[in-house]
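So the structure is just underneath, and the comments pick up after that.
Please read all numbers here as calculations on a predicted model, not as lab measurements. Throughout, a chain's letter reflects where its sequence line sits, starting with A, and its residues are numbered from 1. We use all heavy atoms of the structure for the numbers below, so side chains are in, but hydrogens, waters and symmetry mates are not.
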Amino acid sequence: MSRRLSTRLRRAAVRCLRAPGFLGHFSRLFLLANVTVAREIITPGSTLAPAIVELRLRSRTPLEIAILAHLITLTPGTLVLEVRTRTTPPALFVHGMHAADPDLFLTRLGDLENRLLAVMRPHGGYRP
Amino acid sequence: MTAQHLLGHALAALGTGLVALAALGLLRLPDAYNRINAVSKAAALGVSLVLLAVLFLMPTPTTATVLLLGTALQLLTSPFGAYAAGRAAYRSGSPLTAATHRDDLRDHE
Amino acid sequence: MTVIDILLGTLTAAMAVAVWQMATGPTDADRVVALDLGFVVFVAAIALLAVRLHTPAVLILVLVATLVGFLATVAVAHLLERRS
Amino acid sequence: MTGTVLALPVAVPLLAAGALLAVGGRRTVHRLTAMAVHAGVLLLGVALVNATTDGTVFVQNIGSWPPGIAIVLAADTLSALMLSVSALLALLATAFAAATADDGSPLFTPLALVLSAGVYGAFLTTDLFNLFVFVEVMLVPSYALLTQAGGTRRGSAARIYVTTSLLASTLLLAGVALVYGVTGTVSLAELAGAAQHSRAAALACSVVLLALATKAAVVPLHGWLPRTYPAAPPAVVVLFSGLLTKVAVYATMRVYALVFNGTGLRWVFMAAALLTMAAGVLGAVGEQAMKSILCFHMVSQIGYILLGIALFTPAGLAAAIFFQVQYVLVKAALLTCAGAVETTHRTDRLDRLGNLARQDPLLAAAFMAAALSLAGLPPLSGFVAKLGLIRAAASTTDYLALATAIAVSFFTLVSMIKIWEGAFWGEPTARAASTARPVPPPPRERTSERMALALPAVVLAAPSLLLGIQAQPLLTASAAAADGLINTSAYVRAVGR
Amino acid sequence: MSAHGGVLVAALAAMGALAMLTPLLERFLGRNAGYALGAGFVAVAVLLGSVAPRALAGGDVSVSWPWMPSLGVSFTLRLDGLASLFCLLVLGVGALIMAYCPRYLPAHVRHRSFYAMLTLFGGTMLGLVLAGDLVLLFVFWEGTTVLSFFLISTTGTAAARPAVRALLVTGLGGLALLGAVVLLAVAAGTTDIAAVLAAREQVADSAVAPAAAALLILAAFTKSAQVPFHFWLPGAMVAVTPVSAYLHAATMVKAGIYLLLRFSALYAGQPGWSLTLTGVGLVTAVLGAAQALREHDLKALLAYSTVSQLGLLVAAIGVGTTVALAAAILHTFAHALFKATLFMLIGILDKEAGSRDIRELSGLMRVMPVTATLTGLAGLSLAGVPPLIGFVSKESLFQGFTSTHILPGANWVAGALAVTASALTFAYGMRIFYGAFAGPTLQRQLYEPAWAFLAPAAAAAAASLVLGPAVTVLNPLMRRAVLDTEPWAKPPYFSFWHGLSVELLMSAITIACGMALFVARNRVDSALQQLPHLGGTVLFDRGYRATLRFGAMLGRPDRSDSVAAFLARPVAGVVVLGLASGLLIGRTPSVAGPHPPLGDWGVLALLAATVGSLVAMRSTPAAVALLGTVGLVVTVWFVIAGGPDVALTLLLVEVLTAVVAAFVLRGLPTRFARSRRRSAAAAAALAVSAGLVATAGTLALTGRRDVSPVGEFFLRAAEPQTGGRNVVNTILVDFRGLDTLGEASVLAAAALGLLLLLPGTRRDSPPGGLPAAPYGQVLGPAYHMLVPVIVLLSLYLLLRGHNEPGGGFIGALVAGTTVALGHLAGGRRLLRPLGGALLAAGLLLASTVGLSPMALGKPFLTPVKVPLPGGARLSSSLLFDLGVYLLVLGLMTTAMDRLGAEEGERR
Amino acid sequence: MTAAIAVGVLTAGGVFLILRPGLIRITMGFVLLGHAANILLLASGGLNRRQAPLVGTGNPDRMADPLPQAFVLTALVITFGITVYLLGLARAQQRESDPEQGSCGAPTERGR
Ligand code: NA
Ligand code: NA
């Protein structure tokens, strides 16, 4: 067994192990967000604090960026309005319904990105 | 009515409720961005629930295949519409509600 | 009148809201959102109709709609964006 | 001969269109293929005419399904005649397109082939819905051919042509739906006499007839034709003139004969016929360009054919059928002349043309022969046709029709002479400098090119003389065709269950 | 065919052959070909002369072949006395004119077509008088009209207007003749002229007799230039002299006279006929003569003279008594002789003296004695001076006019008018004579023309002179001709001297008055110039232009650029049809069934709301969205109605339409144009009416029967017969494959149309790769996941279509979405360059599959099962469906290729 | 009843749109008219029997008449082809009427 092949196998295994965890995390996020937004719609009055924030990305490959943008958009309450890939670092512009504290909002998004990259980059290392 | 049917109906009602909620959101939320934010996602979940309900109500292998594939596709494709709509809204100058307290995108232009 | 009938009625109302939004806007972006919702309501309605009519064959529409439905939204959004 | 051959006029052009699309390029290959296809259909049509004059009806059940289930193609004398004359026209239009270079695009011939497949199919089908389909097969390529080249004027003509045709098609479809709703069938054989038994069926078929009337450019539904046809390239107008409205007229004859047994609606047909004849010719008289005049005339000539249908006597129908067959050739000859002029001189406006009789005597002779035939002057075919119609009108004491037909002939002469005087005889009255285009390119001087342009006109005009002097064979065939419309039992028996 | 009849055919054929030979003759003889042609005319005359005695003896000289038996028309020629007389004129005068031409026509110019047409005219005229069939008569009649047009036109551009006037006026008459011919044929039940005339009672009793008479009269009046149709004849004088002499003096204008004489037997003595002919004829005679007297151009003078003389003839025929008819026949002959002479001589003068002004014609005797003598003689004959034949015929005319008894005193009025016209005629005849013989010689440098130039005129003049005293020679011919017009008559003998009679007195008065007019010519001239011109041309031209303007006005609505103007009419037609039939249809009870489920109403409410929003929408993106939503609602309707295939197809079509529309709309304004409120209101009114009619029609005509037999058949037999469980699909690919082939061809044509409409280049993309895709960053990675899914689904739908919803169309539409997706996501533009190839392959496959059973002797599109290795069988309907699949895919790729690209991209 | 009203609504909407200026609206009108014709076709088979005509999925006596459905499918696809062609025509004429945009070839920079 060559070293190269063993590396790939190992990474695949890591991915497989981490993916369910990520999916679980995202599902919880997804459902909670749904509840939040549902409450926002049903209850009288408004708790809205919308903002459009720039999320600077660790992600680099088109696939990483696309999946992240996809997940953010899929989640109620957050919406990607623009994707910048030619800038360094790449950035997403995200519209949040409840982003009264933009920094907290950005932190949560960053957390999601980290978790995603952990699945997609089994070596765990940062790429420049 | 079996438990399976009961569950099916409950899921269907929940899913439909979410879709209806999305429609309500359409009316209640103040600007296009918030509407997009609410509508597509709530609806995605709602539809997924309805499809699951159908699986309970008409359980056959074909139905299962179709519905599971359909659910997956729904979750896969609904963000595309939302992203395109949001981007178009911003680029076409759809106004943000006054409550929007930060707009990095404008600062960036 | 069954539960499904009531749910279908609810979906009709939801679709009416979507049409209302498409008609009134106020901006074209709001209309695109409404179209997106319209498709969602449609998919849900077809799924419930399949149950209501005892016709599993109809479910193929669900599959096709979820697969290609977003194209309409994207295309109209694109149109909006190009003409701003 | 068996009915099996009846599918060939539909399938072979489509096959040829596909093959030509596949091989691409080579214009000569395209031209020869199309000509071979049309010549084959022509031969088949003539053979069918010969074989059906004794009352035989050839049928083919498509797909071997039983009658009533299958779409049945059938050829009686009327169908065979229409098939023959359309094929002849398509053949000559192909040659003319080669001469005018209108077939420049590699898509021209495939489109024209699909169009002709639709025309041939429409003449052969015995099924109302299938008729709708074939009409579309014919029309959609015609949209493409009409709109192929740009120009603002052409643009609005294209819009009008496509939308009007589309509206008529939608109406036709609605009519077919209503017929099925009332009777539960779309087979013409099963619909035979339906309108006499049931008012509802009559009404449903009236919708079909209304749609066909729009397609046939019957006054007051005619405006689109004179407005749009002149915008088409010369060879395309020739192709259209002989095929498109004729399909509608043929279908009108067939439906009215089978479903209504030729009774009821007589005064509607008569009024439409007279109005169409009169309004068409007067409109033609008022136009200022060759193609415009000729296209307005198509409306008028449709009126003559309608007159025969309105009379619905053996003599009247035979005359109408004779009229239709010869008219296709005459009108094509005239349009070919106009097209040749337009190709050579880059305009067909009378005030910018002149003295063509000297420059192009052959073309002038062909034009004059066809023009006089159109006006109904002997010994040309148009004369025989009008004589037959007028005589049929006199036999049924429809004197108003007789008078109108004669008066319209006179104005036809007026309009033809207007062209002669404007383009072939006198001098241009408008100076080239005042034209929209900066400097018109020099006319084509090469004799061989001129011959190639004039030849189709001559070939199309010659039968007019022949059919005038030796009219009887076609008169016999027309009579047989008319008999098939009046005594529909043979057709119904052959097609039906 | 009798031997006698054969001669007639031979004569006509000889004329035709002569016309054919003309180019050859002209090639070898140049303008002298006229002599050969003249000889030919004489030969034909001799040929006819061989059977003339039999005809003059009352024998039957005729030939008849069936020509158009369906229409009861035969090619019948018949020579009788009347025909003989006219044959003599046609061939005799024709020969003289032909002999006149060589010296008249310019040398060194080709005269091929002129000679050919003139000969052909002779033949046509001969056919006209020999025609024994009504239709044949009409054929030759129109032939003379057309040839006259071309012969006038040979003069050149200046002749265009007069030629057109002549053609239209005589053409109008020709069409009237057609009407008369048809009415007579229907009334008599035959087209044989002799039989029609024999069925006098039957025809006279028929309701159409008066109309037929009126049409015959109209035909004759136009051809024979009676007021108010006279004006074309003076105009036709722009033609060269031989044409004027032959057509417009001697023969063609006599065709009207011939026609009246021929049908006189049917109508003679009837008040309407008599009054019209006599009245118009005499008015024409007087007015024409007066106009002739004031003309200075000799040719115009002769033209009006001809008009006037023709008027006398018409009037005499109208009188209808035996003497009057006899007089008309004799005068026809006499007039042809002297008028042809005069024309020929004036042609000579014109050529030699360069002038046709009568005032310059004076003292000619001294320089051109022969010409002058001949002119004088012809002038005297015209004036009716003894001993010329003109005198004899004029006497007979007077006799004829005084024999009328239509109304009390009519003989006096007619006689007086005839005398007036004759006096005027005498006056201008004398002016011609005077110009020839008397007065000062104004042009001294003139010389006698060559004898050959003069000879034809001389012959005619001599005949005028000789046949006066020797008029009895003509009696056999004339008497027979009279008998042919009035079979029961006892024809008179013509003689030079009648003794002292009323006619002689009238002649004396004529000469006296005429002399007075001549002597006082200067004063008469100036008085006449005050009178209004005997116009008609102006009126005609005004009418002509008014007709053109009316036509242009009529066509104006059809020159509109607005599509609505054209679409409104069929819609209005529907509304009218709906209103008209609303009363006719009784309500038949609908088939018992459950009330429409509540769901129907829900869908309907949504539909109404969506459609209502759509029509009011001015934003284009919103309109696209609403249109798509309408499609969704209708799709739901189809699902409810039990049509999953239909619903699936519609869903796909709606999505693809929305995508294509969005692509197209990118280049257009975001708002639809606002239009005027009134037009919107009109459109709304029409739309609502159409909607109501559509609803009423649907209610009235659907849902009133049980399932159709054919529908029942499909439900029961589809699976056993085809093996397919999806009945709709089996109909599409098995039972009604022809429809499907047609619809596939439509798609192919639409795709080809797009390629033609929006020509692109092979290499559309900029060099740096594919253009930036709008949603590449998000959609791009997904695209690669989605495409295989879509393609798989598409193939699945294609293959399973026979049993469950799906099939070629649906499968291909699904596949087509990948192309759209490609444009949005910026992946490979799948299949794009393949558009044309897909279309070709689809057409080839579908039509080949359809045709292949024919090789086995089975009908088109018969399903065939092809065994595959491994025991499986491939149904040809699947291959057919595959062809359809390729065509739909071809359309989608083409549409996306041509419509999906940015404007700037495609060059 | 409901089908008739649906046909009427679609016809009225379609007619109104085809009588408006602009090829796009006319095209939309024709799409509506096409829907009307298709609903009419289905109605012509009768709307009392509403089971999908799929053999083996139910009682043939309750199944809808399949022939009109086949007609609708044919008509639908034809209408689609023509609609796409009409849109192409609109595109071609738009290019014609706007030479700046149609022929100079510079990609539009709007929206950047
Ligand atoms: Na001119
Ligand atoms: Na001119």
Side-chain angles (χ1 to χ4, degrees), chain E residues 563-564 567 571 593 596 600 604 607-608 611 615 627 634 641-644 646 649-650 653 657 660-661 664 667-668 672-673 675 683-684 687-688 690-691 694-695 698-699 702-703 707 710-711 714-715 719 725-728 731-732 739 743 746-747 750 753-754 757-758 809 895 899 903-904 907, chain F residues 1-13 15-19 21-22 25-26 28 31 35 40 42-48 50-56 60 63-67 69-70 72-74 76-78 80-81 83-85 87-88 90-92 94 101 105-108:
Chain E
V563 177
L567 295 180
V571 174
D600 279 23
L604 188 57
L607 186 67
V611 171
V615 297
L627 189 70
V634 176
V646 177
T649 311
L650 182 60
V653 161
T657 303
V660 173
V664 168
L668 295 175
F672 289 125
S675 63
V688 170
T695 300
T698 312
L699 268 181
T702 66
V707 69
V710 58
F714 287 133
L715 287 175
E719 200 202 0
R725 291 194 303 279
N726 181 355
V727 182
V728 175
I731 296 175
L732 285 177
D739 281 347
E743 106 196 71
V746 167
L747 292 186
L754 285 179
L757 197 59
L758 300 162
F809 276 114
L899 299 173
E903 264 310 325
R907 269 300 333 261
Chain F
M1 183 72 175
T2 43
I5 298 173
V7 170
V9 166
L10 287 165
T11 304
V15 166
F16 184 74
L17 283 177
I18 64 171
L19 296 177
R25 254 190 295 194
I26 291 173
M28 291 181 169
V31 171
H35 290 325
L40 175 59
L42 276 201
S44 77
L47 288 170
N48 290 325
R50 290 190 175 191
Q51 274 192 4
L54 298 166
V55 175
M63 283 182 185
D65 187 344
L67 186 56
Q69 293 194 12
V72 170
L73 276 174
T74 305
L76 197 58
V77 176
I78 288 177
F80 174 59
T83 305
V84 170
Y85 183 77
L87 291 170
R91 160 60 73 90
Q94 144 214 344
Q101 209 177 13
T108 47

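Shortest non-hydrogen contact noted between E:G642 and F:A64 is O-CB, 4.4 Å. Here the closest heavy-atom approach between residue F:A70 and residue E:I731 is recorded as CB-CG2, 3.5 Å. The two residues E:L747 and F:G81 come nearest to each other via the heavy atoms CD2-CA, 3.6 Å. For F:F16 against E:A683, the heavy-atom pair with the smallest separation is CD1-C, 3.8 Å. Scanning all heavy atoms of the two residues, the minimum distance from E:A687 to F:V15 falls at CA-CG1, 3.6 Å. A pairwise comparison of heavy atoms in F:A4 and E:T695 identifies O-OG1, 3.2 Å as the closest pair.
No other option in F:P53, F:S44, F:G46 has as many heavy-atom pairs under 4.5 Å with chain E as F:P53. Per-residue heavy-atom pair counts under 4.5 Å with chain E were compared for F:L73, F:V72, F:L76, and the maximum is reached by F:L73. Interface remark: of the candidates F:V9, F:T11, F:V7, F:L54, F:L54 forms the most heavy-atom pairs closer than 4.5 Å to chain E. Most heavy-atom pairs under 4.5 Å with chain F, from the set E:A564, E:A694, E:A641: that is E:A641. Interface remark: of the candidates E:L627, E:V688, E:T657, E:L627 forms the most heavy-atom pairs closer than 4.5 Å to chain F. Between chain E and the options F:T74, F:I26, F:I78, heavy-atom pairs under 4.5 Å are most frequent for F:T74.
Proximity of E:L650 to F:H35: side-chain heavy atoms (C-beta onward) are separated by under 4.5 Å at one or more points.
Under the side-chain contact (heavy atoms from CB on, under 4.5 Å) criterion, F:A43 pairs with E:T698, E:T702, F:A3, F:L47, sequence neighbours left out. By the side-chain contact (heavy atoms from CB on, under 4.5 Å) test, F:L87 pairs with E:V660, E:A661, E:V664, F:I24, F:T27, F:T83, sequence neighbours left out.
In this structure, chain F has heavy atoms under 4.5 Å from both the backbone and the side chain of E:V646. Residue contact with chain F, scored on non-hydrogen atoms closer than 4.5 Å, involves the backbone and the side chain of E:L567 alike. Both the backbone and the side chain of F:V84 come within contact range of chain E, judged by heavy atoms closer than 4.5 Å. For E:F809, the part lying under 4.5 angstrom from a heavy atom of chain F is the side chain only. Within the 4.5 angstrom heavy-atom criterion, only side-chain atoms of E:L604, from C-beta onward, approach chain F. For a residue to count as touching a neighbouring chain, one of its non-hydrogen atoms must lie under 4.5 Å from one of that chain's; by this rule F:P21 touches chain E with the side chain only. Looking at F:Q51, only its backbone comes within 4.5 Å of chain E, counting heavy atoms on both sides. Proximity to chain E involves both the backbone and the side chain of F:V77, based on heavy atoms less than 4.5 angstrom apart. For E:V611, the part lying near chain F is the side chain, with the backbone staying farther off; criterion is any non-hydrogen pair under 4.5 Å. When heavy atoms are compared at a cutoff of 4.5 Å, E:V615 approaches chain F by way of both its backbone and its side chain.
Counting only distance, with no hydrogens or angles, the side chain of F:R25 and the backbone of E:A673 share a donor-acceptor pair below 3.5 Å.
Here the CD atom belonging to F:Q69 is positioned 10.0 Å from the CG atom belonging to E:L732, to the nearest 0.5 angstrom.
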